[in-house]
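Following: one structure in structure tokens, then a few remarks.
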There are 2 protein chains.
Amino acid sequence: MTHSNKTKRVRATTLADVGLAAGVSAMAVSAVLNGALTSSRIAPKTRKRILETAALLNYRANGTARALASRRMHTIGVAGVVDGNGLEFNHYFLEILSGILMTAGRREENTTLFTLHEWSPDPEPIRRFCDGRIDGLILIAPRLTVETGRMFPAYTPFVAVHANCPLPGVINVESDEEDGAYEVTRHLIARGHRDIIHITGPRGLLGAERRIRGFERAIVNAGIHFDSSRLVEASFTTSDGRIAMRQWLKAHVGDRLPQAAFCASDAIAVGCMEALAELGLRVPDDISIAGFDDTFTARTTVPQLTTVRQPLWSMGNRAAEILLDRIEHPERPLTDTPNPVVFPVEVISRASVASPPVAARVVPPQPAAAS
Amino acid sequence: MTHSNKTKRVRATTLADVGLAAGVSAMAVSAVLNGALTSSRIAPKTRKRILETAALLNYRANGTARALASRRMHTIGVAGVVDGNGLEFNHYFLEILSGILMTAGRREENTTLFTLHEWSPDPEPIRRFCDGRIDGLILIAPRLTVETGRMFPAYTPFVAVHANCPLPGVINVESDEEDGAYEVTRHLIARGHRDIIHITGPRGLLGAERRIRGFERAIVNAGIHFDSSRLVEASFTTSDGRIAMRQWLKAHVGDRLPQAAFCASDAIAVGCMEALAELGLRVPDDISIAGFDDTFTARTTVPQLTTVRQPLWSMGNRAAEILLDRIEHPERPLTDTPNPVVFPVEVISRASVASPPVAARVVPPQPAAAS
DNA sequence: CTGAAAGCGCTTACAG
DNA sequence: CTGAAAGCGCTTACAG
């Protein structure tokens with residue numbers, strides 16, 4: 001440890017220090033070092049002298065002071081839930097975040113992360129984030145009400161990804177969820193499945209409802225009877241998927257297993273597969289499973305998961321682009337940005353979906369008695 | 001969109017605004033609202049009036065101004081590589097990050113992320129991060145030289161996780177990598193394997209070398225011949241693991257497949273398994289595979305991966321604790337903190353390791369000719 | 001118990 | 001081409 005043991009914090013060199021040493025005003029130093037937009041130009045000789053003394057004194061501009069004076073932080077915020085209840089990773093969040101970090105980095109913006117344990121309708125946390133340290137905020141899959149949206153500070157630009165409610169004054173980046181649900185259900189039907197259930201997201205959430213609508217439409221269009229017994233509610237997490245599937249299995253001992261289950265997220269699908277495995281039921285031999293999202297997870301399950309691909313990384317990318325554009329051009333009317341921005345989705349066919357078993361298998365004990 | 005279309009950015013309410021409206025000084029407002037440590041107490045009636053007008057005017061303190069005046073940002077930085085070359089997620093990084101976010105959140109600190117595409121020995125990026133917007137910085141698996149470390153600003157506290165070099169003035173959080181490599185190699189030997197290779201991290205990196213040392217020691221201690229042909233170099237990523245294994249297989253057509261491979265990271269192990277699968281070789285039937293890290297990945301591969309568990313989440317936790325303590329108590333000498341902090345590791349036995357095949361399988365075409 | 005002053009380190013007009 | 005002044009919105013001593 002060569003550094004001084006007494007960690008008396010040393011003061012960083014300031015503009016004034018450099019100015020003093022170079023024999024010019026702090027302002028002149030600011031002009032050459034921090035590329036101020038002052039119309040004036042500093043003479044080559046002074047410029048050189050300033051640069052030298054700055055290097056000598058190891059000067060670096062204080063970002064906070066700069067931000068306060070220029071009213072620009074060069075930092076965007078991202079708010080979302082990183083960890084599904086407990087330690088379970090939220091891959092959905094991470095892939096979007098990765099896209100955001102990418103374009104923010106390219107545009108030389110920093111990113112500060114505000115992590116929530118869950119989205120509550122309370123707008124207070126969001127308002128606390130907008131305390132002058134970020135230029136704008138991206139909300140990832142927020143659950144907020146319209147009234148909540150009205151309480152957002154008017155001077156902060158917002159972009160929301162998969163907002164479950166059209167927030168006033170917020171640009172929304174979404175994907176065509178209903179279409180994805182419709183297409184993946186059709187995919188299951190095309191493979192010969194008719195007895196299909198849907199493990200849904202939390203009822204009431206826009207994203208969950210859209211998937212349910214797509215599912216129902218595909219079922220009905222295929223001339224298959226639809227009723228609510230086909231819907232099993234869960235949250236979007238693996239642990240909830242596991243619990244929901246377990247409960248279903250417990251309540252249906254002796255019944256025929258459905259031929260296929262469409263899960264509202266990959267995370268749910270993983271939990272669902274775990275619950276099936278606990279009873280020795282095999283995917284896709286005994287039941288086909290489809291997910292939604294195409295996160296990293298979908299490629300590492302056994303078997304790999306048929307799912308609906310949402311371009312999460314690109315959506316993060318775009319969200320950051322839009323936000324930065326709004327920050328840089330506050331004069332442009334909000335209505336100049338398309339809103340919402342909707343990304344197309346795509347069914348990715350993998351090994352978790354196969355043709356239905358010749359004779360549908362039955363869960364443990366007793367004989368029949370329909371669901 | 002109910003908000004004004006002309007996005008003329010509205011100014012946020014300031015202390016002065018509130019003071020004016022309440023008929024007191026800005027300082028009085030500051031004292032009651034932002035809990036300044038002023039010895040003085042504001043009278044209950046004034047206090048109440050101030051609180052009411054603040055609520056009325058929707059006042060929130062400007063974090064930047066506050067930071068500049070108090071010289072405390074309440075934000076820590078995290079620097080590391082999020083994405084292994086390209087889109088591959090760095091789960092190692094994410095798990096540590098998650099631990100950091102957790103304790104930072106609990107201690108009401110924000111976290112700003114500085115993402116690098118790779119660690120170069122250039123100290124410039126790090127210095128740029130220390131521009132007065134963070135109170136301290138956590139470096140994740142940095143590759144820096146001692147000289148580089150000397151160029152760090154003396155007034156910023158640093159903590160490094162798995163630093164590949166003892167940086168001056170930096171507290172290091174590590175794990176017992178050599179021990180982990182030793183134990184997992186012994187685990188392979190105990191299962192009956194003798195012909196074992198090690199797919200290493202980048203040579204020269206401390207972390208990689210430590211694992212090599214542990215591996216070699218276990219091999220030699222077991223009375224097995226050791227030479228450098230047992231070492232296959234890769235970086236820590238999946239794509240590099242895939243390439244390294246592919247090349248090895250190509251160069252050894254006709255030779256006997258090793259009985260086991262110990263990979264220096266889970267990511268490498270995944271790539272290695274992919275390369276084996278390309279040739280129809282099965283894990284663990286044809287070859288046993290072990291990884292290192294026990295990231296999320298290890299539980300989702302087929303088969304699940306035997307690996308060395310590093311408590312990444314806890315390490316992130318601790319790193320944040322240490323950093324925040326140093327920020328809050330700059331007067332405490334650096335030497336008061338244990339340095340390095342070393343976490344124990346543990347071998348996690350899963351399905352990717354089994355007993356060696358009775359007759360070791362042979363890769364495609366021609367007959368023998370030893371390696 | 002409360003206020004007037006100075007200052008955090010920078011930038012932005014405005015003069016010369 | 002360069003400098004002196006004012007200000008960004010807060011906090012920290014220091015007076016009363």
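The figures that follow rest on heavy atoms only: side chains count, while hydrogens, waters and symmetry mates do not. Order of the sequence lines fixes the chain letters, A, B, ..., with proteins taken first and strands second; residue numbering starts at 1 for each chain.
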Heavy-atom side-chain proximity of Val81(A) to Phe93(A) below 4.5 angstrom:
no
What is the distance, to the nearest angstrom, from the [atom1] atom on [X] to the [atom2] atom on [N]?
X	N	atom1	atom2	value
Leu15(B)	dG3(C)	CG	P	13 Å
Arg66(A)	dG9(D)	CZ	P	18 Å
Leu20(B)	dC10(D)	CG	P	14 Å
Arg133(B)	dC10(C)	CZ	P	13 Å
Asp131(A)	dT11(D)	CG	P	12 Å
Tyr155(A)	dC8(D)	OH	P	16 Å
Leu68(B)	dA6(C)	CG	C1'	13 Å
Asp17(B)	dC10(D)	CG	C1'	13 Å

What is the nucleic acid contact for [X], judged by heavy atoms within less than 4.0 Å: base, sugar-phosphate only, or nothing?
X	answer
Thr46(A)	sugar-phosphate
Ala26(B)	nothing
Ala67(A)	nothing

Check every atom of [options] against the side chain of [X] and return the nucleotide holding the closest atom.
X	options	result
Ala65(A)	dG3(C), dC8(C), dC10(C)	dC10(C)
Arg71(B)	dT12(D), dC8(C), dG9(D)	dC8(C)
Met27(B)	dT11(C), dT12(D), dG9(D)	dT12(D)

Which residue lies toward the 5' end of DNA chain C, Ala69(B) or Gly23(B), if each is placed at its nearest nucleotide?
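Closer to the 5' end of DNA chain C: Gly23(B).
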Using only heavy-atom distances, determine whether the side chains of Glu109(A) and His74(A) contain a donor-acceptor pair under 3.5 Å.
yes
Could you tell me whether Asp325(B) and Arg107(B) make a salt bridge, using a distance below 4.0 angstrom between a side-chain N and a carboxylate O?
yes
Going by an N to O cut-off under 4.0 Å, is there a salt bridge joining Glu321(A) and Arg318(A)?
no
Checking [X] side chain against [Y] main chain: does a donor-acceptor pair fall under 3.5 Å?
X	Y	result
Asn339(B)	Asn172(B)	yes
Asp135(B)	Arg72(B)	no
Thr53(B)	Arg49(B)	yes

Hey, is the side chain of Ser25(A) poking within less than 4.0 Å of OP1 or OP2 on dT2(D), counting only N and O atoms?
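So the side chain of Ser25(A) is outside the cut-off, no N or O lying under 4.0 Å from OP1 or OP2 of dT2(D).
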Base-pairing mate for dG16(D) - Watson-Crick or G-U, with both contacts under 3.5 Å
dC1(C)
By a strict heavy-atom criterion of less than 4.0 Å, which residues belonging to residues 53-60 of chain A are in contact with DNA chain C?
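Of all residues in residues 53-60 of chain A, the ones placing a heavy atom under 4.0 Å from DNA chain C are Tyr59(A), Arg60(A).
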